[in-house]
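Worksheet: one structure, shown below.
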Amino acid sequence: MATATRMKRLLIDTLAAKTFEMVFGFDGSFATADDGGAGRPAKTITPTVTVLDDTALLLEGNLGAQFSYDEELREIYVQIKEDDGTFTPVGRYAIRPFSKQNSNLINIQVVIEVA
């Protein structure tokens, strides 16, 4: 039996009420469903969270001109902060490497869908 739309919306609203963190990292090794953290983290930011519809959230994070790294960024790790201060992994995404210098601004978008 498929999950009812109302249940999906409840899950989306529950997630949207949490504080998210987006961690940019240098590792970039193969991402799996069991990843527990970013490999060699570079920067942690708090993304903007937008409810797209009954089944999806959009997380948007920006790295401004004040950030510059000697290595390419290769992964994004997303986690939520629980009420007790601990963090729960949401996903780790190995991405196409990119260079972040003071001359560029980076906007990363991650869509989380409840199926």
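The analysis underlying the following values was restricted to heavy atoms, covering all of them including side chains, and did not include hydrogens, waters or symmetry mates.
- Val78 and Leu15 fall within a single hydrophobic cluster, where Ile, Leu, Val, Met, Phe, Trp and Tyr side chains are chained together by heavy-atom contacts under 4.5 Å.
- If you take NZ on Lys100 and NZ on Lys43, they are separated by 11.5 Å, rounding to the nearest 0.5 Å.
- Between Ile45 and Gly61, the shortest heavy-atom contact is CD1-CA, 3.5 Å.
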Please set out all donor-acceptor pairs under 3.5 angstrom arising from side-chain atoms of residues 50-57, sequence neighbours excluded.
| unit_1 | atom_1 | unit_2 | atom_2 | d |
| --- | --- | --- | --- | --- |
| Asp53 | OD1 | Thr55 | N | 2.8 |
| Asp53 | OD1 | Thr55 | OG1 | 3.0 |
| Asp53 | OD1 | Ala56 | N | 3.0 |
| Asp54 | OD1 | Arg9 | NH1 | 3.0 |

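- The minimum heavy-atom distance linking Val23 with Pro41 is given by the pair CG1-CB, 3.6 Å.
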Only pairs under 3.5 Å count here: list side-chain donor-acceptor contacts from residues 105-115, not counting sequence neighbours, and write none if there are none.
| unit_1 | atom_1 | unit_2 | atom_2 | d |
| --- | --- | --- | --- | --- |
| Gln109 | NE2 | Glu60 | OE2 | 2.7 |

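- For residues 80-89, the set of pairs meeting the salt bridge (Lys or Arg N to Asp or Glu O under 4.0 Å) definition, not counting sequence neighbours, comprises Lys18-Glu82.
- Aromatic ring centroids of Phe24 and Phe67 lie 6.0 Å or more apart.
- The minimum heavy-atom distance linking Ser68 with Gln101 is given by the pair OG-OE1, 3.3 Å.
- Between the side chain of Asp13 and the main chain of Leu10, no donor-acceptor pair closer than 3.5 Å is present.
- Considering only heavy atoms from C-beta on, Leu59 stays 4.5 Å or farther from Val90 through its side chain.
- The two residues Pro97 and Glu72 come nearest to each other via the heavy atoms CB-OE1, 3.3 Å.
- Residues Arg74 and Phe26 share a closest heavy-atom pair of CD-O, 3.2 Å.
- Note that CG of Asp27 is 13.0 Å distant from OH of Tyr77, once rounded to the nearest 0.5 Å.
- Residues Thr46 and Phe20 fail the side-chain proximity criterion, which asks for heavy atoms closer than 4.5 Å.
- Residues Phe87 and Ile76 are members of separate hydrophobic clusters, defined by side-chain heavy-atom contacts under 4.5 angstrom among Ile, Leu, Val, Met, Phe, Trp and Tyr.
- Leu58 and Met22 fall into different hydrophobic clusters, where Ile, Leu, Val, Met, Phe, Trp and Tyr are joined by side-chain heavy atoms under 4.5 Å apart, directly or via other members.
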